[in-house]
Amino acid sequence: MTVAEIIAAAQMQAEEVYDDPTWLIFINACLDDLTPVAKVLKKKENISVTFTEGKGTINIASDQDLSQAHEFLNVFANNEMLRRLPVPDNVSKGWKLLAGEILLQGLSGTSAICRVDYYQRLKHVSSLGDDLETVSGLPAQYHPLVVLYCAAKSQQKEEELNDKTDFFSEYILGKRQMAVDRIWEMEPHLRKFIKRARIAQLIGAQTE
C-alpha cells in the first residue's frame, strides 16, 4: 500500500479527516512501534577493521547502514563468527556493543574484513506516493496494522474513546500475531516455544 492508500483506509474506518502531515506522524509512529517485532534482517559486509593489540572498532554512528540498526545479531571477522561478550569482559575473544561502536577484541593479526548482521529499524515515510513496503521495509501483509493504528490515533475526542479502544485492541492482537509470525520465520531456533504456546492456547492451558 502507498501512504495515500493507508490514509484513505484509515479515514474511511475512523471517519476522521486530518491533514497529510498529521497522518504521516501517525504512520511513522506506528512503524517505530512495529520495529521490534518486524525483524527486518540486513547485513553489512566488507567492513575493514584495523587491530591494535588485538582490538578494533566498527563505528556505528557514522555508518549510514549500521546507524539504522535496531538490534545487532552477529559479527564476523574474516568469515569467523565471533562470540558476543558481556561489557565487563576485557579479555575474551569476541565482540561487544558499546556507545556508538562495536568493539572487537582478542583477535590475532593486524586487520580483518568484517560482516555485521542486524535487524533494521523500519524506515519512515515522507510523502503520499511512498510505497510502505519499499520505503519502510514492512511486509505488505502487515499494512492493515498501520491502518488500525492510524484509526486509533485519530480518535481523540471524548465521545470517540470507545472506537479508539476497539481499533487499538485489534491492532495489539494483530501485532502479537505478527511477532509470532516473524519469530517463526526469522528465528527458527525458537519455534519449539511457539509450538508449545500455540498448543497451550488451543487447549486453554498455562504455558508456564
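Not measured: the values here are computed from a predicted model.
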Participant: Working to the nearest 0.5 angstrom, can you tell me the gap between Ser67 OG and Arg121 CZ?
Facilitator: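 The OG atom of Ser67 sits 7.0 Å away from the CZ atom of Arg121.
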
Participant: Would you check if the side chain of Glu133 reaches a backbone N or O of Met1 as a donor-acceptor pair within less than 3.5 Å?
Facilitator: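 Between the backbone of Met1 and the side chain of Glu133 there is no qualifying donor-acceptor contact (under 3.5 Å).
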
Participant: If I compare all heavy atoms of Ser126 with all of Leu24, which pair ends up nearest, and what's the gap?
Facilitator: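 Looking at all heavy atoms of both residues, the shortest contact is O-CD1, 3.7 Å.
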
Participant: Give a yes or no on whether Val40 and Val116 share a hydrophobic cluster (residues Ile, Leu, Val, Met, Phe, Trp, Tyr; joining criterion: side-chain heavy atoms under 4.5 Å apart).
Facilitator: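 As far as the 4.5 Å side-chain criterion goes, Val116 and Val40 are not connected within one cluster.
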
Participant: Can you check whether Ala14's main-chain N or O pairs, donor with acceptor, with Gln155's side chain at less than 3.5 Å?
Facilitator: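 Present.
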
Participant: Less than 3.5 Å apart, any donor N or O on the side chain of Ser127 or Asp130 sitting next to an acceptor on the other?
Facilitator: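 Distance-only check passes for Ser127 and Asp130.
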
Participant: Is there a path of hydrophobic side-chain contacts, each under 4.5 Å between heavy atoms, that joins Trp95 and Met81?
Facilitator: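 Not linked; separate clusters.
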
Participant: Under 4.0 Å between a Lys/Arg side-chain N and an Asp/Glu carboxylate O for Lys44 and Asp63?
Facilitator: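 Here Lys44 pairs with Asp63 in a salt bridge, since their nearest N and O are under 4.0 Å apart.
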
Participant: If you measure from CG on Asp117 to CD on Glu45, what distance do you get to the nearest 0.5 Å?
Facilitator: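 Those atoms lie 8.5 Å apart.
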
Participant: For the atom pair CG (Leu98) and CD1 (Ile58), what is the distance rounded to the nearest 0.5 Å?
Facilitator: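 It is 11.5 Å, given to the nearest 0.5 Å.
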
Participant: Apply side chain to side chain contact (heavy atoms under 4.5 Å, CB included) to residues Arg182 and Val37 and explain how you reach the verdict.
Facilitator: CA-CA 7 Å; Arg182 296 302 292 165; Val37 300; 5.7 Å; no

Participant: I need the single residue from Glu185, Glu187, Gln120 that forms a side chain to side chain donor-acceptor pair (under 3.5 Å) with Lys39. Which is it?
Facilitator: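 The passing option is Glu187.
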
Participant: Can you confirm whether Arg176 is buried at CZ, in the sense that more than 12 heavy atoms of other residues, nucleotides or ligands lie under 6.0 Å from that atom?
Facilitator: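 No, CZ of Arg176 has 12 or fewer neighbouring heavy atoms, counting only those of other groups under 6.0 Å.
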
Participant: Could you pull out all residues at least two apart from Asn79 that satisfy side chain to side chain contact (heavy atoms under 4.5 Å, CB included)?
Facilitator: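 Residues passing side chain to side chain contact (heavy atoms under 4.5 Å, CB included) with Asn79: none at all.
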
Participant: If I compare all heavy atoms of Ala77 with all of Leu107, which pair ends up nearest, and what's the gap?
Facilitator: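 Nearest pair, atom of Ala77 first, then Leu107: CB-CD1, 4.4 Å.
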
Participant: Measuring from His70:NE2 to Asp32:CG, what's the distance to the nearest 0.5 Å?
Facilitator: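 Separation between the atoms: 10.5 Å.
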
Participant: So which atom in Leu82 and which in Gly94 form the shortest heavy-atom distance, rounded to 0.1 Å?
Facilitator: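 Looks like CB-CA, 4.1 Å.
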
Participant: Answer yes or no: are there more than 12 heavy-atom neighbours, outside Gln141 itself, under 6.0 Å from its atom CD?
Facilitator: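 Count over threshold, so yes.
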
Participant: Does Trp23 share a hydrophobic cluster with Leu34, counting links as ILVMFWY side-chain heavy atoms below 4.5 Å and allowing steps through other members?
Facilitator: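 Hydrophobic grouping puts Trp23 with Leu34.
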
Participant: For the pair Glu5 (side chain) and Thr2 (backbone), establish whether a donor and an acceptor sit closer than 3.5 Å, ignoring hydrogens and angles.
Facilitator: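 Present.
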
Participant: Check the pair Ser154 / Phe167 against side chain to side chain contact (heavy atoms under 4.5 Å, CB included), numbers first and verdict last.
Facilitator: CA-CA 10 Å; Ser154 71; Phe167 286 134; 5.9 Å; no

Participant: With distance as the sole test, does His143 use its side chain to make a donor-acceptor pair with the main-chain N or O of Leu138 at under 3.5 Å?
Facilitator: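 Answer holds: yes.
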
Participant: So, for Ser92 and Gln105, which heavy atoms are closest and what is the spacing to 0.1 Å?
Facilitator: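 Looks like O-NE2, 2.9 Å.
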
Participant: Which residues end up grouped with Met186 if you chain together Ile, Leu, Val, Met, Phe, Trp and Tyr wherever their side-chain heavy atoms are less than 4.5 Å apart?
Facilitator: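 Taking Ile, Leu, Val, Met, Phe, Trp and Tyr as members, Met186 shares its hydrophobic cluster with Leu41, Leu73, Tyr119.
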
Participant: Classify the ring geometry of Tyr149 against Phe168: parallel below 30°, tilted from 30° to 60°, perpendicular beyond 60°.
Facilitator: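 Rings of Tyr149 and Phe168: tilted, 30 to 60°.
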
Participant: Under the side chain to side chain contact (heavy atoms under 4.5 Å, CB included) rule, what do Val3 and Ile6 come out as? Steps first, then yes or no, please.
Facilitator: CA-CA 5 Å; Val3 169; Ile6 294 285; 5.5 Å; no

Participant: For the NZ atom on Lys175, are there more than 12 heavy atoms of other groups (residues, nucleotides or ligands in this structure) within a distance under 6.0 Å?
Facilitator: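 It does: Lys175 NZ has more than 12 such atoms within range.
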
Participant: Can you get from Ile27 to Ile172 by hopping between Ile, Leu, Val, Met, Phe, Trp and Tyr side chains that sit under 4.5 Å apart?
Facilitator: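 In one cluster with Ile27: Ile172, yes.
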
Participant: Take atom CD of Glu170 as the centre, draw a 6.0 Å sphere, and report whether it contains more than 12 heavy atoms from other residues, nucleotides or ligands.
Facilitator: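 Result for CD/Glu170: open.
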
Participant: Same cluster or not: are Tyr18 and Leu128 linked, directly or through other Ile, Leu, Val, Met, Phe, Trp or Tyr residues, by side-chain heavy atoms under 4.5 angstrom apart?
Facilitator: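 Yes: a chain of side-chain contacts under 4.5 Å links Tyr18 to Leu128.
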
Participant: What's the shortest heavy-atom distance between Leu31 and Lys123, and which atoms?
Facilitator: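 It is CD1-O, 3.4 Å.
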
Participant: Ignoring hydrogens and angles, tell me if any N or O in the side chain of Asn46 forms a donor-acceptor pair with the backbone of Ile113 under 3.5 Å.
Facilitator: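 Side chain of Asn46 to backbone of Ile113: no pair is present.
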
Participant: Using 0.5 Å steps for rounding, measure from the CZ atom of Phe76 to the SG atom of Cys114.
Facilitator: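 Nearest 0.5 Å value for the CZ-SG distance: 11.0 Å.
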
Participant: Which other residues end up in the same hydrophobic cluster as Leu85, if Ile, Leu, Val, Met, Phe, Trp and Tyr are linked when side-chain heavy atoms come under 4.5 Å apart?
Facilitator: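 Cluster partners of Leu85: none, it stands alone.
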
Participant: Taking atom OH of Tyr171 and atom CE of Met178, what is their separation to the nearest 0.5 Å?
Facilitator: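 Rounded to the nearest 0.5 Å, the OH-CE separation comes out at 8.0 Å.
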
Participant: Would you indicate whether the side-chain heavy atoms of Leu148 and Gln13 approach each other to under 4.5 Å?
Facilitator: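 SC-SC contact between Gln13 and Leu148 confirmed.
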
Participant: Can you label the angle between the Tyr118 ring and the Phe72 ring as parallel, tilted or perpendicular, going by 30° and 60°?
Facilitator: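 Tyr118 and Phe72: tilted rings.
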
Participant: As a quick check of understanding, evaluate side chain to side chain contact (heavy atoms under 4.5 Å, CB included) for Val91 and Asp89, giving each step before the final call.
Facilitator: CA-CA 6 Å; Val91 178; Asp89 187 341; 4.0 Å; yes

Participant: Between Pro36 and Asp33, what is the shortest heavy-atom contact and its length?
Facilitator: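 Looks like CD-O, 3.3 Å.
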
Participant: Could you check Asp166 against Ser169 for side chain to side chain donor-acceptor pair (under 3.5 Å), going step by step and ending with a plain yes or no?
Facilitator: CA-CA 5 Å; Asp166 291 342; Ser169 295; 5.6 Å; no

